[in-house]
Amino acid sequence: MTAILMAMLVGLAGVLAAGGPAAAVTGSLSLSVQSASPGDSWVQMTVTAEGVIGKKVTLQMQSGTTWKTVQTSDWTVDFDGEEIVFDHDFTDSGSKTFRAALSSGTTASRTITVASPIPAPHLKLTATAPGPGEAIVSFNVLGNGLEGHQARLQVLRGSTWATVATSEQFYGHFDEEVNLEHELTSSGKFTYRAVAFQGTTAKPVSNIVTVTSSIPVPSLKLTVQQPTKWDTSASFNVQGRGLAGKNVSLQVLQGTAWKTVATTGAFDNHFDSQEELTHDVTAPGKFTYRVVALAGSKVAAVSNNVVVLSSIPVPTLKLASAPRKTWENQATFTVVGSGLLGQAPVLQRLVGKTWTKVEVGARFGDHYAEAMEMPYKLTGNGTHSFRVAVLSGTSVKHTSPILKLAYDAPTKPRLQLVIPDKNINVAVVKVTDGRGLTVRLKQVAGKDVTLWQASKPATASSYTLRIPFKLAKTANIELRAEGAKPGQGTAYSSAAGYRALAGTGPSKPFVSLHASGQQHNPKKTLKIQGDLPEGSVLSVQALKGKTWKQVWTRKIAVEGYSANASFTIGKEGTVALRAVVTRAGKIQATSKATTAKYARKTTKGYLGGWGNLFQDAEGHIAAGDRRSDSVQLSYILSTRTAYLQQYRGGKWKNVQKIILKKGKYGDATGRFTTPKESATVSVKYRVRVSETAYEKAWTSPSTKIKHMNPKHYKGYIKTAHDYMKRYCPNQVVVYAPKKYGGQLNYSSTAWYPSYRIEMSPNYSKGGGMKFVALHECAHIRTFKLAVKLHGVNGMGKMEARLNKIYGRNNGGGTEQVADCMAKAMGGDIRNAGYTKKCSGNRGTAAKRILAGKMP
């Protein structure tokens, strides 16, 4: 609200009549006074001038033994008997002595003593005790004769008066009121007074008032909701009285000592405040709990004890085995554990008289009958004893009953027949458990024909035979390998059919190469098949430029037809590979070239729900405050490292590191928080996700944030912040647009969720601007309380509550409560734009929000 004061200056012209010479007159001045109007510090004095035409008249005030000119007429005396009027503004309550005199010469009037219209400095203090459920005392300070002074509210602590609140300066001398508040922090009676200060001078002192606190004696009550079956968490309700600002610790009795296991936030008021706590019980049995409120290192209150009955079962282990044939060596054990959260089961086998570890399972993730499978391959014929145990170091804590499994290892030989290359008449037979076996290769026809037979029984148990053969004519044939052993009959392979060529034999060795592996993985698996004679050298070569370079090699110790190799591609791209078989330095066979491709996967990143990083700050963050935002990656392959980066000094610097773990569906989410800044500085932020061997890096768009420290505000913005800083000390304040639609803009706005205030630049400094600043500060206090009590969408509940108290008209409850809060913060309600009615429930609601409570 802007007030424009206009002053109009009126000039009075004196007219002199022409005439003969005037008679000589002795000059004289007389001084008279007119009392000031009630509530006015200006006193009017009139000088009547005789015989001093052409002279200027002064008003003088006695200062000690001298006369000090305080005012001079703007014009000279034009005629005898002219009256010159002087207005003098008194600044204190003392009487002053005045006279009138000529600006030159010695003519002076008689002196008169004028009593000051300003009352003697006086303070009167009244208090409104807090109502039920409130801790804030409201004080009214009535001041007289105290323009330019500040009132300090003081409370008696022992024998010393301590200042607890200070008002703005009194603007006048007559019956001016200021309102102050003080929040009580304990029960009892408290003595207050008000003292007026100007600079370091303290005068006068008000009457003393006594206030009785309604804050209850500190107390705590603890109740518990017992854990239900399959749940280990006990829920506690803490009811506190007389404990505002104090934290409460949940303690469990361990032996004879109490151990703190959880802590609440600080109670936000003294009256029937509640906090919720939970604690996970980690073992079966009964547990005794209490809560303790601390005031520094001293105990302020202790609750009753409550007993929690754990539903966690007594630790047990069970071991079972899936059905299997006695000759099957693969056993699958099922382990069931109860009451063993976080413990890892160990499968043990009895070897001689010692239980030996053979497998370790994953840690149990629950207390209640969790099952897991543990595979184990049996060796050695006979009956084997197993158990599962949970260990502490090397000591056994819990074991299952013993489980016995019988195993009868197979002894029958097995033959596998492969035709590596359909164009060359070579068969490869892989023999297992074939010691003493004589192997034959047969053509299966109307009458079987033996194409090849080993010259003597084998001496090895497992081996591979490369068998070349020739035919008289080209034909579609079917082959079968047989192995005979005296006294045990004949073992057969499965048949393999293909078109064989007449007279064709293995004129030279042959080899083929196949590369497999995911495109984004630089490591590839190479499958090599072919004629790999004993003593030959198998190599894998990569084409670099126009030259084949060896990247892997192995000497063939036993004749075979397949081998596996691995190859890692150094950089993204496509690589040509081939296999080469050499013997005595000469190439025996070369495979066709194959390609392997390595291309890292593109990373897909998304910022939080606002789209841009820290967008809810809307470009501004108060010094010392922080803002958070989330980043999400979709369809990642592995754990990723992400950094919040800040652009300062021409470089992007890492200011926070988080690890993004792959979730169930391949996504990962993390949260970044801006660092605290004490300087007023503009900074760019972005998120950078580092590359891996499998995935490319990702960088978010950058966002510019201005960190603003109110200590650095200047000029108009500093004035606006000074008005509100007692209640909004760390507040972002910026200019609103000077004009809207070609007209001066007188609107100021508080923004959520950025908590930013835009002040119109068109106010005159003073009471109107102060009220607007406090009104917008009130919005910020309301926003923050709504979020604290009800979460990020809490303003809906707050608005509904305020509309019930203030009504929906005139800007609704949100705007009207801001006017009443501004009044409670010291603003002049005459400058309000939405309501001037702040009594009863309306005023109480405003004060409750300022005290951090729901209205």
Side-chain angles (χ1 to χ4, degrees), residues 227-233 252 254-255 259 279-287 309-414 432-435 460-462 564 566 638-639 661-662 664:
T228 57
K229 191 174 183 181
W230 312 114
D231 186 8
T232 62
S233 180
V252 63
Q254 294 185 347
K259 178 184 177 183
H279 184 235
D280 273 347
V281 181
T282 58
K286 293 182 180 180
F287 299 88
L309 303 176
S310 171
S311 64
I312 297 174
V314 174
T316 59
L317 279 170
K318 295 180 180 179
L319 181 64
S321 174
R324 48 174 281 282
K325 304 290 185 181
T326 57
W327 49 265
E328 291 177 334
N329 66 344
Q330 182 63 54
T332 301
F333 293 95
T334 300
V335 180
V336 179
S338 296
L340 294 168
L341 174 67
Q343 305 292 316
V346 177
L347 181 65
Q348 297 179 324
R349 176 181 173 184
L350 186 62
V351 180
K353 296 183 179 181
T354 303
W355 287 101
T356 303
K357 177 179 71 177
V358 295
E359 191 70 46
V360 178
R363 295 182 183 273
F364 287 109
D366 203 341
H367 282 297
Y368 306 98
E370 183 178 354
M372 66 176 71
E373 290 188 347
M374 299 177 70
Y376 179 67
K377 188 169 288 188
L378 301 172
T379 57
N381 292 345
T383 299
H384 305 281
S385 296
F386 294 90
R387 74 177 185 184
V388 67
V390 168
L391 307 179
S392 176
T394 58
S395 300
V396 176
K397 291 175 61 178
H398 309 287
T399 63
S400 70
I402 294 174
L403 176 68
K404 294 187 176 182
L405 293 182
Y407 174 53
D408 183 13
T411 58
K412 186 175 181 179
R414 289 178 296 165
T432 305
D433 296 328
R435 189 187 305 274
S461 177
S462 298
N564 291 326
S566 62
S638 60
T639 298
K661 294 185 178 181
K662 181 180 177 181
K664 182 177 180 181

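If you're wondering where the values come from, they're calculated on a predicted model, not measured in any experiment.
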Give every donor-acceptor pair under 3.5 Å between a side-chain atom in residues 398-405 and any protein atom, sequence neighbours left out.
| residue | atom | partner | partner atom | Å |
| --- | --- | --- | --- | --- |
| Ser400 | OG | Val388 | N | 3.1 |

Let me check something: any side-chain donor-acceptor pairs from residues 314-323 under 3.5 Å, sequence neighbours excluded? List them with distances.
none

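In this structure, NZ on Lys377 lies 5.5 Å from CG on Asn329, to the nearest 0.5 angstrom. Within the model, atoms CD of Gln348 and NZ of Lys357 stand 9.5 Å from one another, a figure rounded to the nearest 0.5 Å. Atom NE2 of His367 is separated from atom OG1 of Thr232 by 5.5 Å, given to the nearest 0.5 angstrom.
Lys661 pairs by the side chain to side chain contact (heavy atoms under 4.5 Å, CB included) definition with Thr639, Ile659, not counting sequence neighbours.
Nearest heavy atoms, Pro345 versus Ala362: CD-O, 3.2 Å. Closest non-hydrogen pair, Gln254 versus Lys259, comes out as OE1-CD, 3.4 Å. Counting all heavy atoms, side chain and backbone alike, Pro313 lies closest to Pro284 at O-CG, 4.0 Å. Here the closest heavy-atom approach between residue Gly365 and residue Glu370 is recorded as N-OE1, 2.7 Å. For the residue pair Ser310 and Ile312, the shortest heavy atom distance occurs at OG-N, 3.1 Å. The heavy-atom pair separating Pro227 from Ser311 by the smallest distance is CB-OG, 4.3 Å.
Classification of the Tyr376-Phe386 ring pair by plane angle, with boundaries at 30° and 60°, yields perpendicular.
Phe364 is listed as a side-chain neighbour of Val335, based on a closest heavy-atom distance under 4.5 Å. Counting only heavy atoms from C-beta outward, the side chains of Tyr407 and Thr379 never approach each other to under 4.5 Å.
Counting heavy-atom neighbours within 6.0 Å of Arg387 CZ, excluding the residue itself, gives a total above 12.
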**Report entry** From CA spacing to verdict: side-chain contact (heavy atoms from CB on, under 4.5 Å), Leu391, Val396
**Finding:** CA-CA 5 Å; Leu391 307 179; Val396 176; 3.6 Å; yes
Report task. Check the pair Thr282 / Phe287 against side-chain contact (heavy atoms from CB on, under 4.5 Å), numbers first and verdict last. Result -> CA-CA 10 Å; Thr282 58; Phe287 299 88; 5.9 Å; no
Query - Worked check of side-chain contact (heavy atoms from CB on, under 4.5 Å) between Arg349 and His384 - result: CA-CA 7 Å; Arg349 176 181 173 184; His384 305 281; 2.7 Å; yes
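Within the 3.5 Å criterion, the main-chain N or O of Thr332 finds no donor-acceptor partner in the side chain of Glu373.
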